[in-house]
**Student:** 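Take a look at the following structure, please.
One-based numbering, in listed order, for ligands and for the atoms of each. Residue numbers count from 1 along this sequence.
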Amino acid sequence: MSEPAGRADRLAARVAEREIDRLLVTNLVNVAWLTGFTGTNGACLVEPGRHLFLTDFRYAERAAEIEGWEVEIVTGEWLKGVAAALAGRVGVEDGHVTLRDYGRLRELAGDEVEVVPAGGDVEDLRRVKDPAEIEAVAAAAELTDSIYLELIERGLTGRTEEEVARYAVARMREMGAEPSFPPIVASGPNGASPHAEPGPREIGLGELVTIDMGSRLDGYCSDCTRTFATGPEGGLDDRAGGIYEVTLAANLAGLEATRAGALGSEVDAVARKLIADAGHGDRFGHGLGHGVGLEIHEAPRLGPRSEDELRTGEIVTVEPGIYLPGETGVRIEDMVVVGAEGVARNFSTVPKALTFVA
Ligand code: ZN
Ligand code: ZN
């Protein structure tokens, strides 16, 4: 991975606005985003005019390839080496550093150095994707969609949930990807649980089957959910068919409301209202969506309490669901790029009209 240009400078500009001299970045996802480094031990110390990358001897060669960063190889105790590089008032990622490391870092850095909590800036910068990141997510989504089409082609009835999930994961690996999270395959009454784990249940006829899966390719994640009906067309009971149509309408309304400037809570409310109006308000127990990037769940959030204001270039999911305990469930999830006027691009190409699968 080459050095992602400009990211450290943008972070340094944020540091300059805060009451700290430099920021110590230790969350490895943030380190990877800043430097392209994907090893298991590294940290960044960022301030205006200086970008220092620290790692240990195992990564000396890889570290030398990171452009635009001064590199320091720590020998001996890692935290001691990191502490030795600190000076002045140093912010640390308080959402990530353990209490133990925080205490140890303060102790090792000595009285001259002030270590203060100052996390969140990298996560915030990561929200808006650059064109290369958008293409990386698009490739992961395309790969996942091709597996959805294979699942439709192979049929679901008579297979166990586990078998369907295993097949999907195997296909991802054959195509050079990894699952971005363990796939969910929830059939019949299992669909009533949003986080159902695939089990030994054999998928029957005339059921709804919710499949939620994504790939990770070149570090970037994708996320998509489709709910299918099994058996011949028309073989689904009206109640299941009804909640499918309401969920689909909520998905479309949520997409319609997704645009730069909208609050996460506002987009959520638009979709949630349709589900509530249909009498299922208490059966949609999770937020409408989340950001996707290097992590499967990242900022911003779309949910009833989210004050995140959407920005152009963010990648978010829109995934309403209705879950009827003991009966069945539906979730429909698209992953999109936020644009100034609305959705700039929808990565999820698998059809959303209720599809009957053999
Ligand atoms: Zn999902
Ligand atoms: Zn999701």
**Student:** With a 4.0 Å cut-off on N to O distance, would you call R159 and E202 a salt bridge?
**Tutor:**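 No salt bridge links R159 with E202.
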
**Student:** Could you name all protein N, O or S atoms found under 2.8 Å from the Zn ion (ligand 2)?
**Tutor:**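 You should have found D223 OD2, H290 NE2, E319 OE2, E333 OE2.
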
**Student:** Under 3.5 Å, is there a donor-acceptor pair linking the side chains of R7 and T35?
**Tutor:**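 No pair is found: no donor N or O on one side chain lies under 3.5 Å from an acceptor on the other.
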
**Student:** With E319 as reference, evaluate T247, D223, L302 under the side-chain contact (heavy atoms from CB on, under 4.5 Å) test and give the passing residue.
**Tutor:**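 Testing each of T247, D223, L302 against E319, the sole residue satisfying side-chain contact (heavy atoms from CB on, under 4.5 Å) is D223.
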
**Student:** Taking the inter-plane angle between the rings of H290 and H297 on a 0 to 90° scale, is it parallel (under 30°), tilted (30 to 60°) or perpendicular (over 60°)?
**Tutor:**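 Perpendicular.
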
**Student:** Kindly indicate, with the supporting measurements, whether the criterion side-chain hydrogen bond (donor to acceptor under 3.5 Å, both in side chains) is fulfilled by R106 and Y102.
**Tutor:** CA-CA 6 Å; R106 292 176 70 147; Y102 181 61; 2.8 Å; yes

**Student:** Would you say that F228 contacts F356 through its side chain, given a criterion of any heavy-atom pair below 4.5 Å between the two side chains?
**Tutor:**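 The answer is no, as the side chains (C-beta and beyond) never meet within the 4.5 Å cut-off.
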
